[in-house]
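Quick notes on the structure that follows.
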Amino acid sequence: MVDLKVKLGSLELQNPVMTASGTYGYGEEYEDFVDINRLGGIVVKGTTLHPRQGNDYPRMAETPMGMLNAVGLQNVGVDRFISEIYPRIKKYRTNILVNVSGSTVEEYVETAAKINALDHIPGIELNISCPNVKEGGMAFGTSCPSTIAVTAAVREVYNKHMMVKLSPNVTNIAEIALGVESAGADSVSLINTLLGMAIDVEQRRPVLSTITGGLSGAAVKPVALRMVWQVAQAVKIPVVGMGGISNAEDAIAFMLAGASAVQIGTANFIDPKVTEKVIAGIEDYLVRHNMTSVAELKGALQA
Amino acid sequence: MVDLKVKLGSLELQNPVMTASGTYGYGEEYEDFVDINRLGGIVVKGTTLHPRQGNDYPRMAETPMGMLNAVGLQNVGVDRFISEIYPRIKKYRTNILVNVSGSTVEEYVETAAKINALDHIPGIELNISCPNVKEGGMAFGTSCPSTIAVTAAVREVYNKHMMVKLSPNVTNIAEIALGVESAGADSVSLINTLLGMAIDVEQRRPVLSTITGGLSGAAVKPVALRMVWQVAQAVKIPVVGMGGISNAEDAIAFMLAGASAVQIGTANFIDPKVTEKVIAGIEDYLVRHNMTSVAELKGALQA
Amino acid sequence: MKYLHDFTLVNSERQTDDFVVLTLQGGAEPLPELQPGQFAEVRVDAPGAYLRRPLSIHDVDYDKQQIKLLVQEVGTGTRALTALALGSTINMLYPLGKGYSLPDSKRVLLVGGGCGVAPLLFLGRYLKKNGITPRFLIGTRTAAGLVRLDAYRELGEVMVTTEDGSAGTKGYVIHHPVMKTETPDFDWIYTCGPEAMMRILAKYANKHGLSCQVSLENHMACGIGACLCCITPTKDGHKCTCTDGPVFDSKYLQW
Amino acid sequence: MKYLHDFTLVNSERQTDDFVVLTLQGGAEPLPELQPGQFAEVRVDAPGAYLRRPLSIHDVDYDKQQIKLLVQEVGTGTRALTALALGSTINMLYPLGKGYSLPDSKRVLLVGGGCGVAPLLFLGRYLKKNGITPRFLIGTRTAAGLVRLDAYRELGEVMVTTEDGSAGTKGYVIHHPVMKTETPDFDWIYTCGPEAMMRILAKYANKHGLSCQVSLENHMACGIGACLCCITPTKDGHKCTCTDGPVFDSKYLQW
Ligand SMILES: Cc1cc2nc3c(=O)[nH]c(=O)nc-3n(C[C@H](O)[C@H](O)[C@H](O)COP(=O)(O)OP(=O)(O)OC[C@H]3O[C@@H](n4cnc5c(N)ncnc54)[C@H](O)[C@@H]3O)c2cc1C
Ligand SMILES: Cc1cc2nc3c(=O)[nH]c(=O)nc-3n(C[C@H](O)[C@H](O)[C@H](O)COP(=O)(O)OP(=O)(O)OC[C@H]3O[C@@H](n4cnc5c(N)ncnc54)[C@H](O)[C@@H]3O)c2cc1C
Ligand SMILES: Cc1cc2nc3c(=O)[nH]c(=O)nc-3n(C[C@H](O)[C@H](O)[C@H](O)COP(=O)(O)O)c2cc1C
Ligand SMILES: Cc1cc2nc3c(=O)[nH]c(=O)nc-3n(C[C@H](O)[C@H](O)[C@H](O)COP(=O)(O)O)c2cc1C
Ligand code: FES
Ligand code: FES
């Protein structure tokens, strides 16, 4: 028997496979396909202090082995999350992390503080990098001082696991990771979407209502892997890798590059059962390679 | 009849389709497939002051709809380019641009000065963004002051068309484009490759000898298009777009986003005749849309 | 309950230049109950088709465990599907979304345009089973674009408009005589097709005090309400086309 | 002169668990002259196979305008090729690279391992036409991995080694008796297969003063010398495997 357990600071994951925010709803959407209780964790939709309608339609464009989205943080707001959704999903025996977003430092802080009170939410993922929200997200994630400010401010009010999610749209992601580490993050997750664009040439119009949007899916994997490797070499806190992971091999690559755990996003759309397959595939790999614990993979790259 | 001619400052292109440096050799490699004289231009291999052996093998990894390369500027050096290669290729009746690279400002300057003397080379493309050369390329392209320094220094000695090629591995590419414009660039081209990585999980080793390499091909198109759009809105000099262009539709999308011309790289490997097909496809599109000149496409996005 | 099932392509019949009917054979398990207007997210194994493709349930044979899809070739994914060899495996995520609901009147008109005719066959069959005789109004560009008229005729009257007049009434569906009477002889409109067409029908329905159920074809990524890509503005704000729709009461939409 | 031609798959014959021979029919134009050891860059129309795949010319029939490829299924691209239905179109960029050259002795040994046996059939045929009887030494893991031995036997003697001893000599090719005599009864070695095997043969050749031509299987992007991805270190620095090779004199390599 191989040991798939992973520790991310105070978080204990039964296996390293989590689902990525914004791609897995609140978990419920996948109940027909996956036993949610068998996942390492789920990160629910980006949640903000106030409800948000998100961006206009169209919000999606397919690209070569990837997709652009411009959802723009549509969500019911933290209060309705707490009153309506939390009671439904707190039954899951897995780590439910709430992805927290905001336009100002105060919004992040208030939202995090409210979630701090929820017993069955062992952590948050601070989304300081969403490219689809004009006012805040993007600016926060790509400039180091503001990233540090948000992280430090939320740290003041949030005392469970604080994962900070990094934007890939930067020159030096390791530097930003070091910044959030010093500001009190318990872990970093990356990558959020790459800023991209699609054009309908027949109509001579951008496909997305927001002109640009966030690129995800297999296409971004090489960039994500590189960034995870760079960040894992820079920081001491655990790194959660994501970006295009579509199978066990991909997940293992991220762990070899230094990730302690992974998140799977877009691939769920293509195969709603992908998470279970990845868990099984990691187990197979460990057995085949005579490893006893998934922890042995972390950073085991012979570079 | 539609007019495919494009002017990039002093450069006159019979059509907007050029080939990207490092993917088209010196043009000769494609002679069996394409009439080189029918291209808008070719940008030959990255050329440095001294000959370079480039990186060790393996230098290539396939990725989802893309590829990573770690060629690392293998080339015969500018002197042998001038003595051996230039005499062979100067016969082409198209714009031959030399892609110039270096590790120091002085190297760039010396190389450019030598090329300035070649009658049949109407321009250079300054490669200040190659991610595969440790000492210089990367650092130059991602930090604005050094980018400006190289551009300004080469401008002193080079008096034909100076195109500056930008790295996408930056937080704000428009800012860098503005910098090189102010330093005297006649045009900017983008994007060079995105920094990526691939891992062989069975061997637990990076696939590339250099660990990380440059991502190109269809996968990067959404990011490239977004950057071309951002840069075209920022600068006044012409923009040459590239990154994953695989067919006429892609090329047209880049022009709608603001590019005056395009370069095609990786797609040549998949279809050596792709350039001719793109030229024909652009012509078709213009006819179908009742346009008389390709110049009408530039920035014609209804955003 | 939604399923992820492999089907086998047992028949692929070209109808027109760009329409093909695929017959998919289910496996060991019986088919779940399907509602007309529901759709499947179909996995396409071709370069350039990364995400699944949403396709309506065109017809169902529960006994044979067969589902039919009517596919209009518009791009990479649909073309790859219609090029599949018999015997190929097709993976479907289904049944998805909310379908058409039963009318409170027996006087119904089913209006289809383009690939929007697809769900109307299954809907017609469903109505008929519920004692309601469907009447179809189908609009295409030319006569050559008319698809499977015989199958629709088995269920009820079929009226046709073509833009070039090569069959039926010349013009759009709204120009058909049945739409021109002062008091329409139907109380419910079920429609699927180009949004422009459906908007006109919705307006028409409003004006005449009819019910109008429209089926939207928004771009989708997940098909199960997880990604929020497929929204449409409604009286209650943004709603997912894939779970709250694809069929909506036109009055509920911000049209 | 290199060509970009569409071929039609007219035969696809599985040889073993993972080896398939594809017979490709050329079109109107006659085939160009092909050298043994040359290869084609084959376009694969499958998700996950973005670049072309290099495959050796396994056999040629100029009269019928047919080329045979021997494909070992190792990943997405090769598996997609062997799954193709007869009648499918396969686009090839060919002929590429420098092939094997004629020996200056009639005593030759052709040593193949894995998919490296592919070019040796065409090479054997070529040698035979030039009055030289080829002798083959083929190494595999087990007897089940031996491919098309009859075709090779038509041209000359075939010796075999298997790692598990299930056929021929037990061990690697280097353990075969023919390699164990003090003075080998051959002057030229032609080899294609795993690099480890070829390196051992190159060393053996050096030791015995033989000529040794090896065919490298470096990863390629363009196949025509344009990208410089496929280099191998030689006495003259980095050389492209796709244009200066894939066949090299082992002494020229930095082995
Ligand atoms: C609920 C629903 C039910 C549908 N039912 C059917 C059906 O029964 N039969 C049928 O033929 N088609 C149906 N469609 C439309 C079908 O999904 C698209 O035509 C298909 O996804 C296009 O894929 P493609 O790869 O061939 O085209 P692409 O190459 O992806 O695109 C070609 C063109 O089609 C457009 N397109 C792409 N995806 C969609 C989409 N989801 N909706 C609308 N346009 C799109 C693109 O913008 C582009 O202009 C339905 C769509 C929805 C949302
Ligand atoms: C000049 C030349 C001639 C060749 N001739 C033949 C032949 O006649 N028959 C045959 O079966 N194979 C031959 N090969 C090898 C063949 O090109 C690869 O097996 C094939 O490209 C793998 O593609 P894939 O998509 O199936 O595998 P992938 O899914 O891309 O990869 C599967 C595995 O194969 C490895 N691989 C991928 N590409 C290559 C490559 N170019 N060379 C070696 N390993 C690779 C990968 O690293 C990986 O481990 C030749 C290679 C070269 C360079
Ligand atoms: C439709 C969609 C919505 C997303 N919404 C969010 C979000 O609300 N918050 C967030 O931090 N990331 C969001 N993301 C980013 C993903 O969580 C993930 O970082 C990214 O998609 C890369 O992983 P993938 O390639 O596996 O999808 C979203 C991604 C997609 C595709
Ligand atoms: C194999 C390879 C070698 C390259 N060498 C160079 C180079 O020497 N100089 C340079 O500026 N860009 C180089 N590039 C980058 C391309 O010119 C181009 O910017 C990039 O590949 C994106 O375009 P594409 O997606 O069309 O290939 C190289 C790209 C590839 C794939
Ligand atoms: S397609 Fe994902 S929510 Fe509708
Ligand atoms: S594969 Fe491009 S140079 Fe050899």
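We name chains A, B, ... by the order of the sequence lines, and we start the count at 1 in each one.
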On a heavy-atom basis, which atom in A:F33 and which in C:Y3 lie closest, and how many Å separate them?
CE2-C, 3.9 Å
Crowding at NZ, A:K91 (>12 non-hydrogen neighbours, <6.0 Å):
yes
Pairs where residues 262-277 of chain A contributes a residue and the test salt bridge (Lys or Arg N to Asp or Glu O under 4.0 Å) is met, not counting sequence neighbours
A:D271-A:K277
Check this for me: C:E33, atom CD, are more than 12 non-hydrogen atoms of other residues, nucleotides or ligands nearer than 6.0 Å?
no
Could you please state which residues from residues 228-253 of chain C sit under 4.5 angstrom from chain A, measuring non-hydrogen atom to non-hydrogen atom, sorted by number, or 'none'?
C:L228, C:C229, C:C230, C:I231, C:G237, C:H238
How long is the gap from SG on C:C222 to CG on A:N268, to the nearest 0.5 Å?
9.5 Å
Of all the residues in residues 68-102 of chain C, which have a heavy atom that comes within less than 4.5 Å of a heavy atom in chain A?
C:L93
Using a 6.0 Å cut-off, check whether atom CG of C:D18 has over 12 heavy atoms from anything other than its own residue.
yes
Could you tell me which non-hydrogen atom of C:Y50 sits nearest to which non-hydrogen atom of A:T266, and how far apart they are?
CE2-CG2, 3.9 Å
Which atom of A:M60 lies closest to which atom of C:A221, heavy atoms considered
CE-N, 3.9 Å
If you tally heavy-atom pairs under 4.5 Å against chain C, which of A:E29, A:E31, A:Q53 wins?
A:Q53
If one checks every heavy atom of A:A218 against chain C at 4.5 Å, the contacting part turns out to be both
Heavy-atom side-chain proximity of C:I224 to A:F269 below 4.5 angstrom
no
Is it true that A:E62 and C:R52 have a side-chain N and a carboxylate O under 4.0 angstrom from each other?
no
Within 6.0 angstrom of A:R88 CZ, more than 12 heavy atoms from elsewhere
yes
What are the residues of residues 57-65 of chain C, in order of number, with any heavy atom under 4.5 angstrom from a heavy atom of chain A?
none
C:L4 side chain reached by A:P272 side chain, heavy atoms, under 4.5 Å:
yes
Count the heavy atoms of every other residue, nucleotide or ligand shown that sit under 6.0 Å from CZ of C:R141, and state whether that count exceeds 12.
no
Side chain / backbone / both / neither for A:Y57 at chain C, heavy atoms under 4.5 Å:
both
